[in-house]
Amino acid sequence: MLDIRLFRENPDLVRDALRKRQVSPTMVDEILALDRQRRDLLRESEALKAERNRVSKEIGRSKDAADREAKIAAMRQVRERIAALDQALRETEARLHDALARVPNIPAAQVPEGRDEHDNVVLRQEGDQPQFDFTPLPHWELGPRLGIIDFERGVKLSGTRFYILKGAGARLERALIAWMLDLHREQGYTEIYPPFMVKEAVLFASGQLPKFRDNLYHDAEEDFWWVPTAEVPLTGMHMNETFAESDLPRYYTAYTPCFRREKMSAGRDVRGIKRGHQFDKVEMYIYTLPEASDQVLEKMLADAEQVLRDLGLTYRVVQLCTGDLGFAARLTYDLEVWAPGSNEWLEVSSVSNVGDFQARRANIRYRPEGGGKPRFVHTLNGSGLALPRTVIAILENYQQPDGSVVIPEVLRPYLGGLAMLRP
RNA sequence: GGAGGGAUGGCCGAGUGGACGAAGGCAACGGUCUUGAAAACCGUAGUGGGCUUUGCCCACCGGGGGUUCGAAUCCCUCUCCCUCCGCCA
């Protein structure tokens with residue numbers, strides 16, 4: 001959520017930001033009109049309330065019965081008018097709040113301008129694309145051959161975009177989660193095991209609602225929403241809290257499954273385990289002082305990169321352009337890992353500085369050391385990493401001519417020493 | 001699931017219709033005293049919003065709604081916490 005004052009004081013800055021994001025800037029004028037209307041109603045209502053407060057006190061003190069009756073009658077009228085104004089005010093505020101809640105964050109100045117993902121900028125590549133003296137298979141062939149992925153039975157249970165991991169496949173998934181959490185813990189993050197279902201207010205706080213309702217699963221009878229990412233509970237965890245400055249920064253890491261309806265990508269990536277309705281992810285999340293957030297973003301990026309480096313995988317760092325930036329983000333780096341069997345770069349991590357955008361929605365502040373008004377914190381989030389695509393990369397990069405797959409060294413202690421998957 | 005009891009400022013805690021944004025205590029901050037500190041004493045202090053911004057006004061006592069000229073206080077409702085009973089991995 002943006003500060004309404006930004007619209008009043010610098011509407012062109014907001015319009016410009018929306019244009020760069022390929023979003024129509026007409027909402028700016030709508031918001032300014034609602035803001036004007038709100039303040040007009042508020043002024044009128046508050047003036048009447050001041051009068052009511054003043055006269056009511058006089059009524060309490062008055063000894064004159066006739067005087068009291070006259071004032072009570074007059075204030076009855078005032079009450080009616082206040083009620084009508086407040087009703088109009090509530091409606092205006094609801095519309096203003098809803099409009100404001102749908103405005104994306106302002107991109108940071110250094111974000112390259114562009115229409116969509118084709119205009120993202122590859123900053124660097126780490127490692128070379130491996131050469132094979134045979135044709136590398138895609139994971140959707142390797143998995144079933146190794147007996148570790150069962151697509152048919154996943155579909156039998158739950159339909160398209162579901163699969164079963166079996167035997168060493170299930171163990172590999174679990175090993176990756178445990179290893180990533182341990183790595184992040186060593187990097188300074190506190191491990192969190194959050195609820196996988198949260199209230200609507202939490203999804204609003206992190207920015208998923210109201211705009212992305214269609215991509216979420218929710219319980220029909222109760223106020224439960226399945227998390228689409230651990231970023232959601234890790235934001236909501238400190239909702240309506242005020243930190244002491246000395247409490248910051250806070251580094252968190254969490255494993256959760258992520259549940260997404262994927263309505264937007266119907267028919268895309270239907271093969272393999274690249275895009276499912278349920279997938280595992282280890283997430284990093286940081287609360288910082290505003291001044292520190294840009295610097296902390298670089299640490300988070302490095303921490304995510306270490307996962308790929310330790311696995312010995314080839315990846316590239318991509319800076320998202322304005323048109324591809326997520327709703328809440330002001331600056332985002334994607335990490336894409338090379339998958340030789342699928343023959344594509346797979347997004348396994350998205351590392352973002354959100355600024356105060358979520359903090360404002362979630363009302364998360366800190367009190368400056370020297371005293372003074374509470375200020376909003378900055379939040380950052382980054383995957384470290386998304387599991388299925390990491391599994392894809394491991395299977396496809398470490399496959400051997402005979403169809404077996406070598407397990408990366410770092411994972412072997414988590415797999416009882418297992419070094420090789422064999423058909 | 002049933003019965004009962006709760007939720008007040010940073011913390012504790014008083015307050016059952018009118019000078020209550022809220023006593024008192026603790027903690028915090030500033031000052032006096034002191035070589036320094038402690039103690040003692042004096043003082044300052046909440047959050048958000050509006051405006052014609054040395055200030056004035058509005059709102060906020062778990063959330064929402066209602067009664068009333070006027071609500072922390074009365075009514076309805078929701079959420080959460082505690083106690084007991086039941087059920088349960």
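Note on naming: letters A, B, ... go to the chains in the order of the sequence lines (proteins, then strands), and numbering restarts at 1 for each one. All values below come from the heavy atoms of this structure, side chains included, with hydrogens, waters and symmetry mates left out.
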Spacing between [X] atom [atom1] and [N] atom [atom2], to the nearest angstrom:
| X | N | atom1 | atom2 | answer |
| --- | --- | --- | --- | --- |
| A/R76 | B/G70 | CZ | P | 9 Å |
| A/L96 | B/G49 | CG | P | 13 Å |
| A/D3 | B/G48 | CG | C1' | 13 Å |
| A/K373 | B/G10 | NZ | C1' | 15 Å |
| A/R38 | B/G48 | CZ | C1' | 10 Å |
| A/E245 | B/G10 | CD | P | 19 Å |
| A/I82 | B/G50 | CD1 | P | 19 Å |
| A/N363 | B/G48 | CG | C1' | 10 Å |

Pairing of [X] and [Y] as salt bridge, 4.0 angstrom limit:
| X | Y | value |
| --- | --- | --- |
| A/R360 | A/D356 | yes |
| A/E30 | A/R102 | no |
| A/K49 | A/D86 | yes |

Determine whether the side chains of [X] and [Y] contain a donor N or O and an acceptor N or O closer than 3.5 Å.
| X | Y | answer |
| --- | --- | --- |
| A/H184 | A/T253 | no |
| A/Q208 | A/S206 | yes |
| A/Q110 | A/Q319 | no |
| A/Q87 | A/R90 | yes |

Salt bridge (Lys or Arg N to Asp or Glu O under 4.0 Å) partners of residues 281-302 of chain A, not counting sequence neighbours, each pair once: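 For residues 281-302 of chain A: A/K281-A/E283, A/E291-A/R375, A/D294-A/R330, A/K299-A/D303.
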Take atom [atom1] in [N] and the same atom in [M], then report the distance between them in whole Å.
| N | M | atom1 | answer |
| --- | --- | --- | --- |
| B/A27 | B/A22 | P | 23 Å |
| B/C82 | B/U77 | P | 23 Å |
| B/C12 | B/G64 | C1' | 28 Å |
| B/G9 | B/C26 | C1' | 13 Å |
| B/U32 | B/A37 | P | 11 Å |
| B/G24 | B/A14 | C1' | 7 Å |
| B/G17 | B/G50 | P | 36 Å |
| B/G31 | B/C81 | C1' | 42 Å |

Residue whose nearest RNA chain B nucleotide is more 5′ - A/M75 or A/D35: A/D35
Residue whose nearest RNA chain B nucleotide is more 5′ - A/K71 or A/R365: A/R365
is_close_aromatic(A/F259, A/F196), centroid dist under 6.0 Å: no
A/H238 and A/Y285 aromatic centres sub-6.0 Å: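 For A/H238 and A/Y285, the ring centres are not under 6.0 Å apart.
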Where protein sits on nucleotides 51-66 of chain B, one letter per nucleotide: B base, S sugar-phosphate only, - none, heavy atoms under 4.0 Å: S-----SBS-----S-
Dot-bracket encoding of pairs in RNA chain B, which uses [ ] for pseudoknotted crossings and | for another strand, Watson-Crick or G-U under 3.5 angstrom: ((((((((.[[[..)..(.....]]].(((((.......))))).((((((...)))))).[[[[[..)....]]]]])))))))....
Distance test, side-chain N/O of A/R79 to OP1/OP2 of B/U68, below 4.0 Å: yes
Any A/R367 side-chain nitrogen or oxygen under 4.0 Å from OP1 or OP2 of B/G10: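 Indeed not, no polar side-chain atom of A/R367 lies that close.
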A/Y414 six-ring centre to A/R174 NZ/CZ under 6.0 Å and within 45° of normal: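 The answer is no, since A/R174 fails at least one limit relative to A/Y414.
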Sugar-phosphate only, base, or nothing, as touched by A/L42 at under 4.0 Å among non-hydrogen atoms: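 Since only primed, P, OP1 and OP2 atoms lie under 4.0 Å of A/L42, the category is sugar-phosphate.
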